[in-house]
Amino acid sequence: MSDFCEETYRKLMLSSIGSLHGIGVKRAEAFSRLGVYTVGDLLRHFPRAYQNRGNVRLLSQGIEGESCSYYLTVATQPRSATLKNRKVITKFRAFDESGSVEIVYFNARFLENSFRVGESHRFWGKIVRSGSKVTMTAPLHEFCLDLTDLPDFTPIYPLGGGLSQGLITEAIDAVLVRLDACGVPEILPKRFRQERALPSAREAYRMIHRPTSREEIEKARRYFSAEELYLFSLGLATTKNRKRSGTPPRMGKTDLTPFVECLGFPLTKAQQRSIREIYHDMIDADCPMSRLLSGDVGSGKTAVAAAALYLAMKNGYQAAFMAPTEILAAQHYDSLRTMMEGFGFRVALLLGSTPASRKKEIRRALAEGSLDLLIGTHSLITEDTVFARPGLVITDEQHRFGVSQRAGLGRTSPDGETPHVLVMSATPIPRTLALILYGELSLSMLDELPPGRKRVDTFVVDERYRARLNAFIAKQVAEGGQVYVVCPTVEAKEEEMEGDLIAFTPDGRAEMNFERPKLASAVELSRRLAEEVFPNLSIGLIHGKMKGSEKEAVMQRFAAAEIDVLVSTTVIEVGVNVPNASLMIVENAERFGLAQLHQLRGRVGRGSRKAYCVLVASGGGELAEKRLSVMKNTYDGYKIAEYDLELRGPGDYFPSRTGSARQHGHFGVTLSADMDTLKYAMTMAEETVRLDPTLAGEENRFAALSMRSLMAADERAMQ
């Protein structure tokens with residue numbers, strides 16, 4: 001990296017987005033709504049697809065209704081007029097060697113000054129023929145000096161807050177020019193890039209933002225997928241390198257019969273096996289337990305966790321049970337308190353919303369040892385929450401806690417003992433993947449459902465069934481049930497992708513002409529259901545962009561049956577138990593992973609009502625049809641997980657930062673990971689940590705910084 005200037009690079013990456021020319025306070029605020037605050041954030045704001053504007057035709061060759069490019073010369077000066085409906089129409093003519101076309105824009109009077117007679121522009125859009133007349137309405141346009149100075153592939157960036165593609169493109173162009181002056185540090189080891197035929201970091205940024213070919217797009221995708229997998233693996237490897245040691249809590253043999261008898265139902269063989277494994281870890285092992293309890297929805301994880309809590313408290317130790325949301329923590333408190341207090345244990349609930357006086361009272365009791373079990377959220381691992389004699393920490397993880405959070409759960413007690421840690425995951429994880437993602441943890445798998453668990457009937461439909469589906473929603477509500485409607489995106493895109501595209505398929509590959517139907521927007525769909533379809537029903541809305549307190553309030557209203565139909569993004573994967581919910585509808589179902597769909601399906605059928613799941617497909621071809629048929633015919637979460645892993649890779653099992661179908665602003669492992677690259681990245685990361693345990697070496701410094709930044713971002717998203 002002889003041409004790399006670290007000081008200049010750091011200064012550039014940390015500069016505010018407002019430091020770029022043309023970005024003032026208002027535009028900076030708009031960028032912040034996309035999660036872009038610095039120039040470094042902007043550089044990682046990757047395109048979501050590319051328009052192939054290299055598909056150039058003469059006007060005489062244009063096919064009506066098909067988007068493509070035309071190099072045209074402006075023939076007349078644009079003129080505007082106001083129509084009766086107060087719309088402003090702007091028209092002018094342009095031509096090529098084969099003919100002429102009338103170009104029309106609405107409510108764009110400013111374009112009168114954007115075109116001059118004799119100028120050449122590349123127009124991208126659709127032509128309409130009416131007799132001998134040819135028209136293009138609102139085509140995209142780019143000024144060109146000749147017919148070869150424009151790139152074939154135009155990036156389409158995620159938008160929001162009134163930002164335009166042109167503004168984002170200009171800003172990124174400016175950053176790429178400045179990168180040429182200072183260089184880019186290499187995150188991936190040289191051997192990694194060589195063996196995987198990956199470009200340099202500088203070339204990868206150029207290829208992802210300004211590709212010259214489909215091959216370059218694919219190379220860039222592979223590079224950034226590998227980079228993020230390597231950083232994730234580096235985080236895991238450093239955690240494994242500090243594998244938990246220390247003196248475990250001293251617990252004696254304990255009769256669990258009273259606990260089992262008070263459950264009121266028989267344990268499955270899988271539950272019995274998992275309890276034995278946990279019992280052995282807590283009684284006989286010579287090091288503190290670090291175990292993952294993975295199980296399907298409804299497999300009985302809470303009962304197994306309760307057995308571990310009983311064992312710890314029966315031996316005189318305190319226990320903590322941490323959940324990712326307040327409403328889920330409250331749910332665990334309600335389900336465990338009566339049982340544990342029946343055994344004489346003292347139980348409390350500590351949330352961010354708990355009044356300050358009550359927090360102080362709980363923490364004092366905890367420090368004095370007069371409290372046995374504390375249930376809550378992140379408040380349980382703050383510095384001012386001190387246990388007198390901690391013996392067990394349980395997290396209902398649900399893919400919501402980061403690597404470093406797991407590593408920091410079991411702080412050493414005042415007595416010098418390191419508490420046992422049990423991590424619960426409601427997503428059935430294939431064993432091979434679990435050993436990679438949770439290599440620092442032993443594994444218990446609940447691969448058996450309790451007898452009598454009701455099956456959620458699953459159907460796959462398309463848009464033709466919309467009227468019948470709406471009628472079914474009304475019927476469910478009329479009979480006292482409640483309905484979830486899940487959408488893949490929060491808000492409608494400001495610019496729909498169409499035409500000759502290179503987009504990213506659900507398994508992360510760059511694919512030409514990939515069918516991208518319009519995505520259902522949670523905001524728009526909730527409005528339409530409330531105002532047009534079900535004006536007499538109570539319609540709720542919840543999504544990842546809402547504040548935590550707002551989401552909690554909506555879920556509490558839904559749990560209290562104050563909301564009939566809840567429109568949501570995938571934030572309800574981790575949600576409150578609503579026994580009354582009887583129907584789950586997933587829009588654009590082909591956009592979700594099977595593991596994700598299985599989790600969503602598990603939100604219903606938790607009470608006495610017959611439950612249904614309807615997957616609304618909107619395209620995706622034969623592969624999507626095959627995948628959704630698996631959901632229709634398979635109810636075993638582990639079989640679904642294995643199929644999804646084989647077909648799509650491990651992306652759905654990584655932490656999600658937005659509660660939407662894909663991570664926002666970058667490719668992210670949720671879209672583009674594959675098992676082969678993950679295994680290779682894990683091997684390389686472990687080798688790096690073995691040779692440089694502190695990652696202080698010159699070749700690892702920037703990888704270490706990026707890895708810690710990535711982990712910190714995951715954890716900030718949890719607050």
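These numbers come from the heavy atoms of this one structure, side chains and all, not from hydrogens, waters or symmetry mates.
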Quiz item: Does the side chain of Met584 reach to within under 4.5 Å of the side chain of Val486, using non-hydrogen atoms?
Solution: yes
| Salt-bridge present (Arg364, Glu361; N to O < 4.0 Å) | no
Could you tell me whether the side chains of Tyr279 and Thr254 share a donor-acceptor contact shorter than 3.5 Å? no
In this structure, OG of Ser233 is separated from CD of Glu687 (nearest 0.5 Å) by 13.0 Å
Donor-acceptor pair, distance only, cut-off 3.5 Å: does the side chain of Asp372 make one with the backbone of Arg346?
yes
Rounded to the nearest 0.5 Å, the CG atom of Asp255 sits from the NZ atom of Lys314 at a distance of 9.0 Å
Separation between CG (Leu336) and CG (Leu349), nearest 0.5 Å, reads 11.0 Å
Pairwise side-chain contact, Lys359 with Leu350, heavy-atom cut-off 4.5 Å (strictly under): yes
message: Checking the side chain of Gln318 only, and the main-chain atoms of Leu366 only, is there a donor and an acceptor separated by less than 3.5 Å?
response: yes
Can you confirm whether Gln271 sits close enough to Leu446 that some side-chain heavy atom of one is under 4.5 Å from a side-chain heavy atom of the other? yes
Q) Using 30° and 60° as the class limits, which term best fits the ring planes of Tyr310 and Phe345: parallel, tilted or perpendicular? A) perpendicular
Exactly one candidate in Lys301, Glu277, Arg276 meets side-chain hydrogen bond (donor to acceptor under 3.5 Å, both in side chains) with Ser444; the answer is Glu277
query: Given the side-chain rings of Tyr484 and Phe558, with only the six-membered ring counted for Trp, is the space between their centroids under 6.0 Å?
result: yes
Rounding to 0.5 Å, atoms CE (Met684) and OG1 (Thr677) come to a distance of 12.5 Å
Q | Polar side chain donor-acceptor pair, Thr688 to Asn700, under 3.5 angstrom | A | no
Exercise. Ser706 side chain to Ala703 main-chain N or O, any donor-acceptor pair under 3.5 Å?
Worked result: no
request  = Under the salt bridge (charged side-chain N to carboxylate O under 4.0 Å, His left out) rule, what do Glu227 and Arg44 come out as? Steps first, then yes or no, please.
outcome  = CA-CA 12 Å; Glu227 183 186 86; Arg44 302 287 296 192; 2.7 Å; yes
| said: Main chain of Pro390, side chain of Glu417: is a donor-acceptor contact present, judged purely on distance under 3.5 Å? | reply: no
Here the gap from Met13 atom CE to Asp41 atom CG, rounded to the nearest 0.5 Å, amounts to 9.5 Å
*asked:* Checking the side chain of Asp281 only, and the main-chain atoms of Met289 only, is there a donor and an acceptor separated by less than 3.5 Å?
replied: no
### Query
Quick one: are Ser16 and Tyr37 in side-chain contact, heavy atoms under 4.5 Å?
no
Taking the side chain as C-beta and beyond, is there a heavy-atom pair between Tyr230 and Met707 under 4.5 Å? no
If you define the side chain from C-beta out and look only at heavy atoms, does anything of Arg606 sit under 4.5 Å from Val578? no
Is Leu292 close to Ser442 at the side-chain level, that is, under 4.5 Å between some pair of heavy atoms?
-> no
Practice task
Could you tell me whether the side chain of Thr238 reaches within less than 4.5 Å of the side chain of Thr694, counting heavy atoms only?
Solution key: no
key: Arg273/Asp447 under salt bridge (charged side-chain N to carboxylate O under 4.0 Å, His left out): CA gap, chis, key distance, verdict   = CA-CA 11 Å; Arg273 181 183 66 242; Asp447 51 6; 3.2 Å; yes
message = Checking Ser353 against Glu326: is there a side-chain donor and acceptor pair closer than 3.5 Å?
response = yes
Separation between CZ (Phe592) and NE2 (His598), nearest 0.5 Å, reads 16.0 Å
Discussion item. Is the terminal nitrogen or CZ of Arg389 (NZ for Lys, CZ for Arg) located under 6.0 angstrom from the six-membered ring centre of Tyr317 and within 45° of that ring's axis?
Written reply: yes
Open item on the list: If you apply the rule salt bridge (charged side-chain N to carboxylate O under 4.0 Å, His left out), what do you find for Glu642 with Lys639, and how did you get there?
Closed with: CA-CA 5 Å; Glu642 290 285 357; Lys639 288 182 180 178; over 6 Å; no
